[in-house]
Asker: 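One structure, as structure tokens, below. Some questions next.
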Amino acid sequence: MASSSRESSARSNKKGFPRDTVVLHQIGRGKYAPSISPFPIKLETYLRFANIPYVSVHGTKTSSKGKIPWIEFNGEVVNDTSFIIDFLNKKFNVDLNSHLSPTDRAIARAFQKMVEENLFWSLVYSRWFDKQTKFETLAPNSFIYTWVIATYLKNGAKKNMHGHGIGRHSKEEIYHIAEKDIRALSVFLGDKCFLFGDEPCEEDCAVFGLLSQFVWQSPATPQEALVKGDCKNLEEYCYRMKERFWPDWEQCILGDRELRSFIECPDTDPSVMKKEDKE
């Protein structure tokens, strides 16, 4: 693992964090999925899949790389979901791909990178720049707070998309790219339960993380229409992942009730370490 993905710092020694338990720092729960970002869902699904003990701490504090989620584990801080998973695989001697051939592992990585490095940006575009989708439908209902946060995040998203290159394309071109990615994923999945058959693999966590946003939290977008239409096998796939790893899904989402801040989470959320638990 690259040393730049891990650091030691004073913030890794907060009193009360349980030893040998992953402390997962993430933003607050979403209205209709456990996060409004695919990456916390990816990581939390992985933790559940690997049976690694964890608690969630919800907040807006980012890692040293300026990202959320990030973890603390016995005094070590680890950033970026891919590095986090590599780190935990070694710590807990986990291999969720033990049933895959070397060729399957290579294909799995290729699809994960397509989803996270390419298809992901269509989610960013539809959420921030397509007038059909309003950030306010997923985030807090305090107008001033929402406007300030949305403006800040939107400016960052615009810069990142331009740097990536996809932000230089038109709306139609961005959605064309997304359609080709979604259709490729749908064809590969076919009638299988998971990416490589009856049992999920590590990369299913990443694919599910992003597709969950299209299924539950991307109303009136081309991606939602495609996943629930011509590529409905992807929607069915998401429900299988949800059933297998998220039996407490309803307890981990905010639903339609009023939202007050990004760091709010339901009282019924079993994964959350609340402030009083650390004191």
Asker: Under 3.5 Å, is there a donor-acceptor pair linking the side chains of Q26 and S35?
Answerer: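 Their side chains do not contain a donor-acceptor pair, so the 3.5 Å distance test is not met.
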Asker: Can you name the closest pair of heavy atoms from A33 and Q213 and give their distance?
Answerer: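 For A33 and Q213, the tightest heavy-atom pair comes out as CB-NE2, 4.5 Å.
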Asker: Who are the salt bridge (Lys or Arg N to Asp or Glu O under 4.0 Å) partners of R244, not counting sequence neighbours?
Answerer: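 Result, salt bridge (Lys or Arg N to Asp or Glu O under 4.0 Å) vs R244: E199.
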Asker: Determine the interplanar angle of the W216 and W249 rings, folded into 0 to 90°, and report it as parallel if under 30°, tilted if 30 to 60°, perpendicular if over 60°.
Answerer: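 Correct class here is tilted.
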Asker: Please lay out, stage by stage, how E203 and F196 fare under the test side-chain contact (heavy atoms from CB on, under 4.5 Å).
Answerer: CA-CA 10 Å; E203 284 75 14; F196 290 91; 5.9 Å; no
Asker: Hey, is NZ on K180 packed in by over 12 heavy atoms from elsewhere, all under 6.0 Å?
Answerer: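 At most 12 heavy atoms, drawn from other residues, nucleotides or ligands, come within 6.0 Å of this atom.
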Asker: On a heavy-atom basis, which atom in N97 and which in C201 lie closest, and how many Å separate them?
Answerer: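 So the minimum-distance heavy-atom pair works out to OD1-CB, 3.0 Å.
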Asker: For side-chain contact (heavy atoms from CB on, under 4.5 Å), just list the numbers for F214 and L234, CA-CA rounded to whole Å, side-chain angles, deciding distance to a tenth of an Å, and then say yes or no.
Answerer: CA-CA 10 Å; F214 296 149; L234 297 180; over 6 Å; no
Asker: Is there a path of hydrophobic side-chain contacts, each under 4.5 Å between heavy atoms of I, L, V, M, F, W or Y residues, that connects M241 with Y239?
Answerer: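 In one cluster with M241: Y239, yes.
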Asker: More than 12 foreign heavy atoms under 6.0 Å from CZ of R240: is that the case here?
Answerer: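 Above 12, so yes.
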Asker: Under the 3.5 angstrom rule, does the side chain of D204 hit a backbone N or O of L195 as a donor-acceptor pair?
Answerer: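 Such a contact is found between D204 side chain and L195 backbone.
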Asker: Please examine the side chains of V124 and I166, heavy atoms only from C-beta on, and report whether any two atoms are closer than 4.5 Å.
Answerer: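 No; the side chains remain at least 4.5 Å from each other.
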Asker: With the threshold set at 4.0 Å, does a side-chain nitrogen-carboxylate oxygen contact exist between K232 and E236?
Answerer: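 So K232 does not pair with E236 through a salt bridge.
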Asker: I'd like to check the side-chain hydrogen bond (donor to acceptor under 3.5 Å, both in side chains) partners of N89; sequence neighbours left out, ordered by chain and number.
Answerer: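 If we apply the side-chain hydrogen bond (donor to acceptor under 3.5 Å, both in side chains) test to N89, skipping adjacent residues, the hits are Y46, E202.
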Asker: Do W70 and T62 meet the criterion of a side-chain donor-acceptor pair at a distance under 3.5 Å?
Answerer: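 Judged by distance alone, the side chains do not pair up.
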Asker: Tell me whether the count of non-hydrogen atoms from other residues, nucleotides or ligands lying under 6.0 Å of NE2 in H164 goes above 12.
Answerer: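 Counting other residues, nucleotides and ligands, NE2 of H164 exceeds 12 neighbours.
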Asker: Using side-chain contact (heavy atoms from CB on, under 4.5 Å), reason through K65 and F83 one step at a time and then give a plain yes or no.
Answerer: CA-CA 12 Å; K65 292 185 177 182; F83 286 130; 3.8 Å; yes
Asker: Kindly say whether Y32 contributes a backbone atom to a donor-acceptor pair with the side chain of Q217 at under 3.5 angstrom?
Answerer: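 Looks like yes, one N/O pair under 3.5 Å.
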Asker: If you draw a 6.0 Å radius around NZ in K67, do more than 12 non-hydrogen atoms from other residues or ligands fall strictly inside?
Answerer: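 No, the 6.0 Å shell around NZ holds no more than 12 heavy atoms from other groups.
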Asker: Between E224 and A220 (side chain of the first, backbone of the second, donor and acceptor by atom type, cut-off under 3.5 Å), is there such a pair?
Answerer: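 Here the side-chain-to-backbone pair exists.
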Asker: So, do S56 and D269 sit near enough that their side-chain heavy atoms are less than 4.5 Å apart?
Answerer: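 No, too far: nothing below the 4.5 Å cut-off.
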Asker: Of all the heavy-atom pairs spanning D198 and C193, show the shortest one and how long it is.
Answerer: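 The pair with the smallest heavy-atom distance is OD1-SG, 4.0 Å.
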Asker: Please examine the side chains of I177 and W121, heavy atoms only from C-beta on, and report whether any two atoms are closer than 4.5 Å.
Answerer: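 No, their side chains stay 4.5 Å or more apart.
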Asker: Mind running side-chain contact (heavy atoms from CB on, under 4.5 Å) on I107 and F188 for me, showing each step along the way?
Answerer: CA-CA 10 Å; I107 294 171; F188 181 76; 3.8 Å; yes
Asker: For residues K42 and I85, determine if any side-chain heavy atom of one lies less than 4.5 Å from a side-chain heavy atom of the other.
Answerer: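 Yes. Closest side-chain heavy atoms under 4.5 Å.
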Asker: Got L88 and L47 here, is their nearest side-chain heavy-atom distance under 4.5 Å?
Answerer: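 Yes. Closest side-chain heavy atoms under 4.5 Å.
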Asker: Going by heavy atoms in the side chains, are R29 and P266 under 4.5 Å from each other?
Answerer: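 Result yes, sub-4.5 Å side-chain heavy-atom pair found.
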Asker: Anything under 30° is parallel, anything over 60° is perpendicular, the rest tilted; go ahead and classify F87 against F73.
Answerer: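 Judged by the thresholds at 30° and 60°, the geometry between F87 and F73 is perpendicular.
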Asker: With a 4.5 Å limit on heavy-atom distance, are the side chains of D20 and P53 in contact?
Answerer: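 A side-chain contact under 4.5 Å is absent here.
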Asker: Taking all heavy atoms of N79 and all of S64, pick out the closest pair and write down the distance.
Answerer: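 Closest pair (atom of N79, atom of S64, distance): ND2-OG, 3.2 Å.
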Asker: Got a sec: does the NE2 of H99 have more than 12 other heavy atoms crowding it under 6.0 Å?
Answerer: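 Atom NE2 in H99 is crowded, with more than 12 foreign heavy atoms closer than 6.0 Å.
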Asker: Roughly how far, to the nearest 0.5 Å, is CG of D181 from NE2 of H176?
Answerer: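 Here the rounded value is 10.0 Å.
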Asker: Please report the closest heavy-atom contact between L24 and P69, naming both atoms and the distance.
Answerer: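 Smallest interatomic distance, heavy atoms only, reads CD1-CB, 3.8 Å.
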Asker: List the atom of Q223, the atom of S122, and the distance in Å for their closest heavy-atom pair.
Answerer: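 Closest pair (atom of Q223, atom of S122, distance): NE2-O, 3.0 Å.
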Asker: Applying the ring-ring contact (aromatic ring centres under 6.0 Å, His included) test to F49, which of Y54, F194, W246, F245 qualifies?
Answerer: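 It is F245; the other options fail the test.
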Asker: Using atom types as modelled and distance alone, determine if a side-chain donor or acceptor of K113 lies under 3.5 Å from a backbone N or O of A110.
Answerer: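 Flag not set: sc K113 to bb A110 has no pair under 3.5 Å.
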Asker: Could you tell me whether the side chain of C231 reaches within less than 4.5 Å of the side chain of N233, counting heavy atoms only?
Answerer: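 Of all side-chain heavy-atom pairs linking C231 with N233, at least one is under 4.5 Å.
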